[in-house]
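Please read the structure below before turning to the comments.
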Amino acid sequence: MSAQITVNIAGSERSVPEQTTAADLFGDDRAVLVARVNGELRDLAHVLADGDNVEPVTAAEQDGLDVLRHSTAHVLAQAVQEVNPQAKLGIGPPIRDGFYYDFDVETPFNPEDLKALEKVMQRIINEGQTFHRREISDADALAELADEPYKCELIGLKGGAADDAAEGAGVEVGGAQLTIYDNLKKDGTRAWGDLCRGPHVPSTRVIGNAFKLMRSAAAYWRGSEKNPSLQRVYGTAWPSKDALKAYLDRLAEAERRDHRKLGAELDLFSFPDELGSGLPVFHPKGGIIKREMEDYVRRRHIEEGFEYVGTPHISKDGLFHTSGHLPYYADTMFPPMEFEGSNYRLKAMNCPMHNLIYKSRGRSYRELPLRLFEFGHVYRYEKSGVIHGLTRLRGFAQDDSHSYVTKEQAAAEIKHLLGFCLGLFRDFGLDDFYLELSTRDDSKKDKFIGSEEQWAEATATLEQVCVESGLELVPDPGGAAYYGPKVSIQARDAIGRTWQMSTIQYDFNQPERFGLEYQAADGTRQQPVMIHSAKFGSIERFLGVLVEHYAGAFPVWLSPVQVVGIPVAEDFNDYLWDVLKQMKEQGIRVELDESDDRFPKKIRNAAKAKVPFVLIAGAEDQAKNAVSFRYRDGSQENGVPIADAIAKVLAAIESKAQV
RNA sequence: GCCGCCUUAGCUCAAUUGGCAGAGCAGCCGCCUUGUAAGCGGCAGGUUGCCGGUUCGAUUCCGGCAGGCGGCUCCA
């Protein structure tokens with residue numbers, strides 16, 4: 001008697017009784033967490049309608065994984081309120097690799113609290129509580145959630161504003177219809193509930209034991225420092241215990257590569273307290289890497305038509321008023337030093353000074369593109385909490401260039417710069433990129449200077465070049481500098497993390513503010529456009545990225561020590577030194593381990609220092625006028641004739657090879 | 001800048017309820033040493049980040065500052 005409806009299941013039509021739910025179709029497969037009905041994610045309990053297109057969704061795809069993590073966040077919130085009924089709920093969305101949930105609690109969570117909460121969560125999960133969707137009117141929701149001030153605030157914002165409210169707020173209050181998800185125990189009683197758009201997994205049981213609370217930290221409510229600070233608990237959840245373990249292993253690998261740790265172990269650089277936060281010193285070994293990078297990058301710039309210039313570290317502040325930086329970036333410049341009736345500022349950017357070089361005499365169209373380049377040391381007053389190793393400093397060197405071009409030349413110059421940057425990264429062993437195009441935010445016009453037309457033209461020029469590059473392009477609305485749009489190159493490292501490297505910016509503002517001009521072929525005076533570009537962004541930062549990318553085991557050309565000689569016994573010191581001396585004469589960086597340590601200890605020391613070539617000599621080698629190599633992976637190459645050994649090392653340096 | 005946690009020898013870490021601060025590695029000295037990640041012995045190393053408070057007594061408890069870590073906000 002029951003009427004039938006037709007639904008389309010994962011591409012094939014099927015007739016099913018009315019009131020059939022997605023769970024009826026897929027419920028037997030426990031891997032199915034939710035359903036996608038006509039393109040929208042729905043609970044498995046969702047009742048299907050005639051003509052619906054239904055697909056099963058598992059944690060194998062991102063949508064399913066997000067739902068799993070979102071549901072785990074709910075279990076966390078339930079556990080928190082079970083332990084502390086006074087805790088007020090913020091939001092709890094899935095994020096990359098996990099989830100978080102924000103709480104307003106009297107006392108912040110400590111690591112023991114997290115352990116205890118994990119236990120409560122595991123109990124809830126093992127109980128197999130089920131998630132039930134309940135539609136509710138705004139008024140009823142406000143009454144039911146009277147004790148949850150943050151949820152009430154979200155209800156007030158529901159609709160278009162909610163997504164702007166905070167990352168993830170849309171997860172709580174999505175569309176027009178509010179819903180509450182109740183967690184029901186086996187006996188049908190309500191254990192807990194939360195305002196939530198859903199969908200959720202059918203039962204807490206599917207979370208299993210593949211979750212972990214990672215850390216707690218403060219976060220501003222709705223992402224604004226004007227709002228109260230909530231306590232955020234970060235967690236992670238995966239489809240299986242093995243996947244969780246793989247994730248934790250990845251984190252451990254990232255920690256192992258941490259440039260701050262390796263920088264100290266390999267004696268590359270340090271951050272002396274006496275200097276102040278965010279101000280590094282490079283030790284001799286780090287200095288070698290830094291200089292190799294600089295030498296190479298300087299040479300490449302010159303080959304690409306740039307001219308190397310030099311400018312001072314401080315200037316009277318009028319310059320930065322002319323450039324427009326001071327009104328916009330005074331907060332991130334160090335305070336002025338007053339003397340001789342002027343205020344001097346440490347420079348936070350090099351472009352104004354390059355503009356002065358441009359202006360130092362009349363310029364002809366024949367000189368354009370005019371490309372000025374330097375390693376410009378800039379100082380920025382970064383807030384104390386954001387300083388981070390070599391990646392966020394208060395003083396650093398930019399490999400900064402400014403190309404002065406005619407408007408017509410702009411596109412070609414940007415293309416030239418983009419190709420140049422990508423080539424440089426490849427030379428340093430990074431070859432996986434995408435682009436990000438940062439544009440003006442039209443709703444915040446006071447953050448930007450220049451006319452609509454200028455912005456439109458600049459943005460179109462950049463975008464055209466990006467698209468032509470064929471690289472993946474990610475939009476970043478509102479991310480532009482005040483003076484113009486920019487494209488940045490993001491590089492993926494050896495373990496898949498991305499780092500922002502180069503920026504290329506189209507600037508029509510500063511030429512105007514500085515009154516830059518050139519004389520055109522027809523005798524008229526015209527205004528050039530300037531293209532800012534930093535290839536590595538900052539030398540220090542790029543060095544930090546390389547340390548992590550290579551886990552401290554640099555390619556030979558960048559290695560501080562390229563060959564370390566280890567004699568099998570003291571008697572072979574002279575023989576080995578004779579070989580090393582020949583290498584040294586060819587510019588190879590060599591060391592001889594003449595210490596009193598025994599042979600195996602010397603091997604160990606060289607391995608810990610991650611030296612690419614360990615050169616060994618004993619009686620067998622000497623008898624054959626040869627040497628032996630030991631590589632970083634422990635492999636060996638014995639009895640190599642001396643001339644071959646030298647050629648081998650030279651070839652590895654020349655080809656920028658990793659060994 | 002905001003929130004939380006942390007700071008003991010050059011490094012990694014100990015120190016029972018507040019009662020004389022200890023180990024490994026590194027360093028220095030000596031002995032030993034012919035084949036691929038730690039040979040043996042000895043010596044030295046500290047105003048427990050800094051300043052103040054409580055106490056008979058503070059590495060330990062409290063406050064301030066500095067630096068670090070994790071987030072938030074920010075990132076020309």
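Convention: sequence-line order gives letters A, B, ...; per-chain numbering from 1. FYI, side chains are in, hydrogens and waters are out, and symmetry mates aren't considered; it's all heavy atoms of this structure.
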Every protein N/O lying under 3.5 Å from an N/O of nucleotides 2-9 of chain B:
{"from": "B:rC2", "atom 1": "O4'", "to": "A:Tyr220", "atom 2": "OH", "distance (Å)": "3.4"}
{"from": "B:rC2", "atom 1": "O2", "to": "A:Tyr220", "atom 2": "OH", "distance (Å)": "3.4"}
{"from": "B:rC3", "atom 1": "O2'", "to": "A:Gln231", "atom 2": "NE2", "distance (Å)": "3.2"}

Could you tell me the separation between the CZ atom of A:Phe269 and the P atom of B:rG10, rounded to a whole number of Å?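 After rounding, the gap between these two atoms is 21 Å.
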Considering only atom [atom1], compute the distance from [N] to [M] and round it to an integer number of Å.
| N | M | atom1 | answer |
| --- | --- | --- | --- |
| B:rU73 | B:rC3 | C1' | 12 Å |
| B:rC50 | B:rA58 | C1' | 16 Å |
| B:rC74 | B:rA15 | P | 41 Å |
| B:rG45 | B:rC31 | P | 23 Å |
| B:rC61 | B:rA44 | P | 32 Å |

For nucleotides 42-50 of chain B, which of its nitrogen or oxygen atoms have a protein nitrogen or oxygen under 3.5 Å away, and what is each distance?
none

Comparing A:Gly389 and A:Met333 on RNA chain B - which has the more 5′ nearest nucleotide: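 Result: A:Gly389.
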Would you please indicate if the ring centroids of A:His325 and A:Tyr482 are separated by under 6.0 Å?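 Here the rings of A:Tyr482 and A:His325 have centres that are less than 6.0 Å from each other.
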Are A:Phe103 and A:Tyr101 close enough that their ring centers fall under 6.0 Å?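 That pair passes the under 6.0 Å test.
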Between [X] and [Y] (salt bridge meaning N to carboxylate O under 4.0 Å), is one present in this structure?
| X | Y | result |
| --- | --- | --- |
| A:Arg394 | A:Glu382 | no |
| A:Glu253 | A:Arg257 | yes |
| A:Lys602 | A:Asp597 | no |

Which string of ( ) [ ] | and . matches RNA chain B, if you list each base 5' to 3' and count Watson-Crick or G-U pairs only when both distances are under 3.5 Å? (((((((..((((.....[..)))).(((((.......))))).....(((((..]....))))))))))))....
Which residues pass the ring-ring contact (aromatic ring centres under 6.0 Å, His included) test with [X], not counting sequence neighbours?
| X | value |
| --- | --- |
| A:Phe629 | A:Phe613, A:Tyr631 |
| A:Phe448 | A:Trp455 |
| A:His301 | A:Phe306, A:Phe373, A:Phe420 |
| A:Phe514 | none |

Donor-acceptor list for residues 562-569 of chain A side chains, cut-off 3.5 Å, not counting sequence neighbours:
{"from": "A:Gln562", "atom 1": "OE1", "to": "A:Arg589", "atom 2": "N", "distance (Å)": "2.8"}
{"from": "A:Gln562", "atom 1": "NE2", "to": "A:Val556", "atom 2": "O", "distance (Å)": "3.0"}

Of residues 628-638 of chain A, the positions that come close to RNA chain B - non-hydrogen atoms, cut-off under 4.0 Å: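 The answer is A:Ser628, A:Arg630, A:Gln636, A:Asn638.
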What residue pairs, at least two apart or across chains, pass salt bridge (Lys or Arg N to Asp or Glu O under 4.0 Å) with a residue in residues 628-641 of chain A?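 Qualifying pairs, neighbours excluded: A:Glu637-A:Lys648.
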Heteroatom pairs (N/O) under 3.5 angstrom, protein to nucleotides 38-41 of chain B:
{"from": "B:rA38", "atom 1": "N7", "to": "A:Arg604", "atom 2": "NH1", "distance (Å)": "3.1"}
{"from": "B:rA38", "atom 1": "N6", "to": "A:Arg604", "atom 2": "NH2", "distance (Å)": "2.9"}
{"from": "B:rA38", "atom 1": "N1", "to": "A:Arg604", "atom 2": "NH2", "distance (Å)": "3.1"}
{"from": "B:rG39", "atom 1": "N9", "to": "A:Arg598", "atom 2": "NE", "distance (Å)": "3.3"}

Could you tell me which residues satisfy salt bridge (Lys or Arg N to Asp or Glu O under 4.0 Å) with A:Asp441, sequence neighbours excluded, listed by chain and number?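 Partners of A:Asp441 under the salt bridge (Lys or Arg N to Asp or Glu O under 4.0 Å) test: A:Lys444.
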